Amino acid sequence: MKKALITGITGQDGSYLSEHLLNLGYEVHGTIRRASSFNTGRIDHIIDRLHLHYGDLMDVTAMAQLLLKVKPDEIYNLAAQSHVRVSFDQPVYTGDVTGLGALRLLELVRTCAPEARYYQAGSSEMFGKVLETPQSITTPFYPRSPYACAKVFAHYSTVNYREAYGLHASNGILFNHESPRRGETFVTRKITRAVGRIRAGLQRRLSLGNLSAKRDWGFAGDYVRAMHAMLQQDKPGDFVIATGETWTVEQFLGRSFSYAGLNWREHVDYDARLERPTEVDLLLGDSRPAREKLGWKPNWDFYMLVDEMTKADILLAEREAR
Ligand code: NAP
Ligand code: GDD
């Protein structure tokens with residue numbers, strides 16, 4: 001039985017990747033952080049089948065012990081301070097966790113588990129102020145936030161450890177992917193949560209920032225299949241994972257509100273504090289190499305994604321209202 005270790009198992013992607021690997025017959029291990037309140041809500045439904053360990057990308061000793069104890073065949077580094085806006089308020093912390101955290105883990109893989117295959121969660125945010133459209137694996141990076149700078153550092157550290165030490169280390173450059181399990185401060189979930197709550201009479205207004213930004217939005221459940229597929233390749237490599245369609249925040253907003261029979265213009269306020277010091281205006285990915293080499297393709301399109309997220313949050317708000 002193959003063993004996988006997932007950092008960030010409590011996050012959106014960690015939960016879908018765990019389900020996927022369990023279905024494939026893996027023994028799935030993951031790191032969790034001690035918190036003052038419960039933080040395993042996304043994996044509670046499978047928790048009896050998982051092996052959870054306290055661990056933190058800042059804590060090299062604990063992570064080293066974990067690698068030596070678990071001896072994973074595959075390591076998925078999903079842990080990060082993953083919020084772009086927050087990274088402007090906590091740039092050094094974000095650089096430490098999201099950037100240096102990956103390097104710390106790579107160094108541990110090199111010394112404690114050199115045969116393990118390593119996946120690094122890269123981001124389309126690295127393309128930032130895009131230098132070409134669509135963005136592909138050869139598009140130069142132009143990061144626009146401390147988060148994106150940290151991800152660029154993690155990306156090149158992964159490439160360097162692959163080339164310098166022969167590690168089977170791959171970068172997935174994933175474009176935005178969402179789900180009913182998405183964190184509630186990311187724009188898609190913030191919108192669908194508000195739609196559910198407004199419809200149920202629990203909330204009146206929704207404050208948003210820039211509505212004209214364009215994102216290539218996919219479904220997280222589709223994207224974790226690509227992470228696994230990358231580590232099954234004979235040779236490690238880097239892949240862009242994206243739907244190949246781009247939509248504005250306003251289009252997401254319009255679709256979600258209209259799914260619930262509401263008009264967004266009657267409920268949404270503009271709040272300048274939600275703007276970023278530097279914005280990423282347009283993301284649109286070219287994932288053809290992943291489709292050809294990994295045999296990967298997304299099953300959900302934009303409308304399905306918005307509708308499923310909105311439906312789930314309508315049900316959640318109805319339960320809250322009861
Ligand atoms: P997420 O929901 O924010 O989950 C982040 C995970 O990292 C959580 O489990 C969190 O634990 C953990 N974490 C944070 N700081 C940590 C630390 N110091 N040590 C150990 N664990 C730590 O993010 P996601 O959407 O699942 O994304 C997964 C990864 O893909 C992230 O690296 C993200 O930057 C990257 N990514 C995401 C997208 C996207 O659209 N979702 C696109 C491209 C790349 P707690 O639960 O304890 O906070
Ligand atoms: N979060 C948020 N909240 N974003 C808003 C809001 C708001 O109230 N109003 C407008 N936006 C705009 C942001 O300015 C941005 O242009 C867009 O909505 C998307 O913001 P987020 O949902 O926060 O995602 P992101 O694109 O910045 O980052 C996500 O995707 C990256 C991949 O490209 C995160 O998941 C990153 O971790 C990931 O790497």
Side-chain angles (χ1 to χ4, degrees), residues 6-17 30-35 37-43 54-59 62-63 76-87 93-94 96-98 100-102 104-105 119-128 135 143-145 147-148 150-151 154-155 171-179 181-191 194 206-220 223-224 227 240-242 247-250 252-253 268-283 285:
I6 304 173
T7 70
I9 197 167
T10 54
Q12 170 189 258
D13 291 5
S15 69
Y16 284 106
L17 180 61
T31 60
I32 55 167
R33 299 191 295 169
R34 195 268 158 183
S37 51
F38 294 114
N39 61 1
T40 55
R42 294 188 179 98
I43 50 173
Y54 285 104
D56 194 304
L57 289 189
M58 312 286 270
D59 184 349
M63 291 305 295
Y76 296 87
N77 184 30
L78 308 187
Q81 191 302 92
S82 72
H83 202 283
V84 174
R85 179 67 192 83
V86 170
S87 79
Y93 173 76
T94 303
D96 207 348
V97 174
T98 306
L100 262 182
R104 284 189 203 101
L105 188 54
Y119 173 84
Q120 172 58 32
S123 168
S124 49
E125 279 290 302
M126 298 189 292
F127 296 123
Q135 296 87 49
R144 295 271 278 174
S145 63
Y147 166 80
K151 283 291 185 187
H155 175 94
N171 287 291
I173 305 181
L174 273 52
F175 283 60
N176 298 51
H177 45 280
E178 321 290 316
S179 73
R181 298 181 201 163
R182 183 60 145 150
E184 294 187 20
T185 60
F186 296 98
V187 78
T188 55
R189 188 78 200 288
K190 186 173 171 184
I191 291 169
L206 167 64
S207 294
L208 291 173
N210 177 18
L211 300 188
S212 59
K214 290 182 158 179
R215 290 291 181 272
D216 180 329
W217 275 301
F219 169 51
Y223 283 37
V224 298
M227 299 176 186
V240 160
I241 303 298
W247 304 82
T248 61
V249 174
E250 184 176 327
F252 192 105
L253 187 61
V268 173
D269 301 312
Y270 171 71
D271 185 341
R273 290 171 301 178
L274 295 166
E275 298 265 0
R276 286 133 194 224
T278 38
E279 177 63 285
V280 171
D281 296 319
L282 162 69
L283 291 175

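Values reported hereafter were calculated over all heavy atoms of this structure, with side chains retained and with hydrogens, waters and symmetry mates removed. Just so you know, these numbers come straight off a predicted model, no measurement behind them. We count ligands from 1, going down the list as the structure has it; atoms in each ligand are counted the same way. Numbers here simply count residues along the sequence, with the first being 1.
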Practice problem: Consider every N or O of Leu57 and every N or O of ligand 1, then say whether any pair is closer than 3.5 Å. | Solution: yes
Quiz item: What residue and atom, counting heavy atoms only, is the protein's closest point to atom 26 (O) of ligand 1, and at what distance?
Solution: Asp13 N, 2.8 Å
Self-check item: Closest protein heavy atom to atom 29 (C) of ligand 1, given as residue, atom name and distance to 0.1 Å
Solution: Leu78 O, 3.1 Å
Quiz item: Of all the non-hydrogen atoms in the protein, which one sits nearest to atom 46 (O) of ligand 1, and at what distance?
Solution: Thr10 OG1, 2.6 Å
Quiz item: Which of the atoms of ligand 1 are close to Gly11, meaning less than 4.0 Å from one of its heavy atoms?
Solution: 2 (O), 4 (O), 8 (C), 9 (O), 26 (O)
Quiz item: Is the Tyr119 ring parallel, tilted or perpendicular to the Tyr76 ring (thresholds 30°, 60°)?
Solution: tilted
Quiz item: Less than 3.5 Å between some nitrogen or oxygen of Asn77 and one of ligand 1, yes or no?
Solution: no
Self-check item: Closest protein heavy atom (residue, atom, distance) for atom 6 (C) of ligand 1
Solution: Gly8 CA, 3.7 Å
Practice problem: Run down the list Gln81, Arg182, His177, Arg33 and name the one with the heavy atom closest to atom 25 (O) of ligand 1. | Solution: Arg182
Exercise. List the closest protein heavy-atom neighbour of atom 18 (N) of ligand 1: residue, atom name, distance to the nearest 0.1 Å.
Key: Asp56 OD1, 2.8 Å
Practice problem: Return the residue, atom name and 0.1 Å-rounded distance of the protein heavy atom closest to atom 44 (C) of ligand 1. | Solution: Gly122 O, 3.2 Å
Exercise. For ligand 1, note which part of Tyr147 has a heavy atom under 4.0 Å away: side chain, backbone, both or neither.
Key: side chain
Quiz item: Taking atom 14 (C) of ligand 1 as the point of reference, which of Ala102, Ser124, Gly172, Ala80 owns the nearest heavy atom?
Solution: Ala80
Exercise. Mark up the atoms of ligand 2 that fall under 4.0 Å of a heavy atom belonging to Arg182, in ascending order.
Key: 29 (C), 34 (C), 35 (O)
Exercise. Would you mind running through ligand 2 and noting each atom that sits below 4.0 Å from a heavy atom of Leu283?
Key: 33 (O)
